[in-house]
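Residues take their numbers from the sequence shown, with the count starting at 1.
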Amino acid sequence: MKKWIIPSTLIACTLLYFVEQGLEVNYAWKTAAKWIFFLAMPLLLSRFFNREKQKKAFHKRGIFLGLLFGGISFASILVAYYLLQDVIDFDSIVQELKKSGISAENFIFIALYITVGNSLLEEFFFRGFIFLNLYQAGSRKLAYLYSALLFATYHISIFQSWFSWELILLALFGLFTIGLVFNWLDTKTNTFLNSWVVHIMADLAIVLIGFHLFGIF
């Protein structure tokens with residue numbers, strides 16, 4: 001199973017980049033592609049190549065770390081938005097979102113999906129499938145670095161048209177660091193539950209900003 005994780009996930013993220021930046025499709029089609037590559041593909045690989053069942057004992061006390069870091073992430077994103085309002089062209093971001101079919105009228109539904117569904121999908125893929133499988137197979141350094149690096153670079157397909165190259169580099173560094181933290185948190189529970197909790201809280205802050213940008217409140 002281990003030898004299939006890196007090539008398969010590189011292919012998945014490359015194809016998603018092509019869908020995001022190379023095809024003129026709306027958000028629904030991009031979401032469908034993401035579910036195929038981030039959920040269906042890993043499940044198929046796990047079924048056919050993961051012959052050894054690994055022990056995954058859940059440690060309940062570790063979940064409090066997820067709640068703590070989730071609160072910190074929520075507050076940090078809102079503070080960053082306040083500080084960077086004059087640096088980032090948020091009007092252009094809104095226009096890009098509208099081109100994908102996201103508007104003030106449907107944003108509430110998009111926000112619900114992003115906060116719960118999309119965060120679950122990404123955590124299953126980057127932490128549940130990539131990190132925990134590599135980590136429990138004994139490749140701990142590779143698990144940390146590869147999962148965090150792919151998590152960061154995957155997001156280029158989303159924001160490369162939003163930011164200047166300086167902000168893109170800053171965002172990549174931040175996402176890579178966050179990926180490392182997410183990985184560490186998940187070693188405390190042996191599941192991707194902790195990172196999912198933090199991811200939900202972070203996305204909740206982002207959608208609140210989205211509500212403001214769309215003029216909903």
Side-chain angles (χ1 to χ4, degrees), residues 1 4-50 77 92-133 146-163 168 171-172 175 178-179 182 186 191-193 195-211 213-214 216:
M1 178 64 180
W4 291 95
I5 290 177
I6 292 179
S8 65
T9 52
L10 281 174
I11 291 172
C13 288
T14 301
L15 291 174
L16 279 176
Y17 178 86
F18 174 73
V19 171
E20 185 76 35
Q21 294 294 330
L23 300 179
E24 293 185 2
V25 294
N26 60 27
Y27 186 75
W29 283 106
K30 293 176 183 179
T31 300
K34 193 170 184 178
W35 278 86
I36 291 172
F37 292 118
F38 276 17
L39 182 64
M41 183 272 292
L43 289 177
L44 286 173
L45 286 176
S46 297
R47 179 176 179 181
F48 287 105
F49 297 109
N50 194 16
I77 290 172
S92 295
I93 294 176
V94 171
Q95 293 305 314
E96 288 291 329
L97 293 175
K98 288 181 177 179
K99 290 179 183 178
S100 297
I102 301 174
S103 64
E105 288 72 25
N106 63 18
F107 188 72
I108 179 63
F109 303 105
I110 301 295
L112 287 171
Y113 167 71
I114 289 173
T115 305
V116 180
N118 186 71
S119 61
L120 175 62
L121 189 61
E122 290 190 1
E123 290 313 309
F124 169 79
F125 182 76
F126 290 106
R127 258 63 66 176
F129 180 63
I130 298 176
F131 173 71
L132 288 175
N133 273 314
Y146 177 69
S147 174
L149 183 61
L150 191 64
F151 176 68
T153 54
Y154 150 75
H155 283 84
I156 292 177
S157 66
I158 300 173
F159 57 59
Q160 75 169 27
S161 60
W162 296 358
F163 305 146
I168 288 176
L172 287 175
L175 286 166
I178 290 169
F182 278 8
D186 286 344
T191 71
F192 61 89
L193 181 59
S195 57
W196 186 32
V197 170
V198 181
H199 205 145
I200 287 175
M201 296 296 291
D203 283 349
L204 182 58
I206 291 171
V207 299
L208 287 176
I209 294 170
F211 279 121
L213 294 178
F214 277 107
I216 299 173

Give me the atom names and distance for the closest heavy-atom approach of [X] to [Y].
X: T14; Y: L10; result: OG1-O, 2.8 Å
X: G128; Y: N133; result: O-ND2, 3.8 Å
X: S8; Y: L45; result: OG-CD1, 3.3 Å
X: G179; Y: A148; result: C-CB, 3.9 Å

Please tabulate, for side-chain N and O atoms in residues 96-104, each donor-acceptor pair with protein atoms closer than 3.5 Å (sequence neighbours left out).
from	atom 1	to	atom 2	distance (Å)
S100	OG	K30	NZ	3.2
S103	OG	E105	N	3.4
S103	OG	E105	OE1	3.1

Please tabulate, for side-chain N and O atoms in residues 108-125, each donor-acceptor pair with protein atoms closer than 3.5 Å (sequence neighbours left out).
from	atom 1	to	atom 2	distance (Å)
Y113	OH	W35	NE1	2.8
T115	OG1	A111	O	2.8
N118	OD1	K34	NZ	2.6
N118	ND2	E122	OE2	3.3
S119	OG	T115	O	2.6
S119	OG	V116	O	3.0
S119	OG	W196	NE1	2.9
E122	OE2	K34	NZ	2.6
E122	OE2	Y154	OH	3.4
E123	OE1	R127	NE	2.8
E123	OE1	R127	NH2	3.2
E123	OE1	S195	OG	2.6
E123	OE2	R127	NH2	2.7
E123	OE2	H199	ND1	2.5

Find the distance between [atom1] ([X]) and [atom2] ([Y]) and round it off to the nearest 0.5 Å.
X: E20; Y: L15; atom1: CD; atom2: CG; result: 13.0 Å
X: L44; Y: I36; atom1: CG; atom2: CD1; result: 11.0 Å
X: T9; Y: Y146; atom1: OG1; atom2: OH; result: 2.5 Å
X: F151; Y: F182; atom1: CZ; atom2: CZ; result: 5.5 Å
X: F18; Y: L23; atom1: CZ; atom2: CG; result: 4.0 Å
X: I209; Y: L204; atom1: CD1; atom2: CG; result: 10.5 Å

Non-neighbouring partners of F211 that pass ring pair (Phe, Tyr, Trp, His ring centres under 6.0 Å), sequence neighbours left out: F107, F217

Is there side-chain contact between [X] and [Y], with at least one heavy-atom pair below 4.5 Å?
X: D203; Y: I206; value: yes
X: L150; Y: C13; value: yes
X: W29; Y: V19; value: no

Just checking, any donor-acceptor pair under 3.5 angstrom between side chains of T153 and Y17? no

Begin with the C-alpha distance, continue with both residues' side-chain angles, and end with the deciding distance and a verdict on ring pair (Phe, Tyr, Trp, His ring centres under 6.0 Å) for F126 and F38. CA-CA 9 Å; F126 290 106; F38 276 17; 5.3 Å; yes

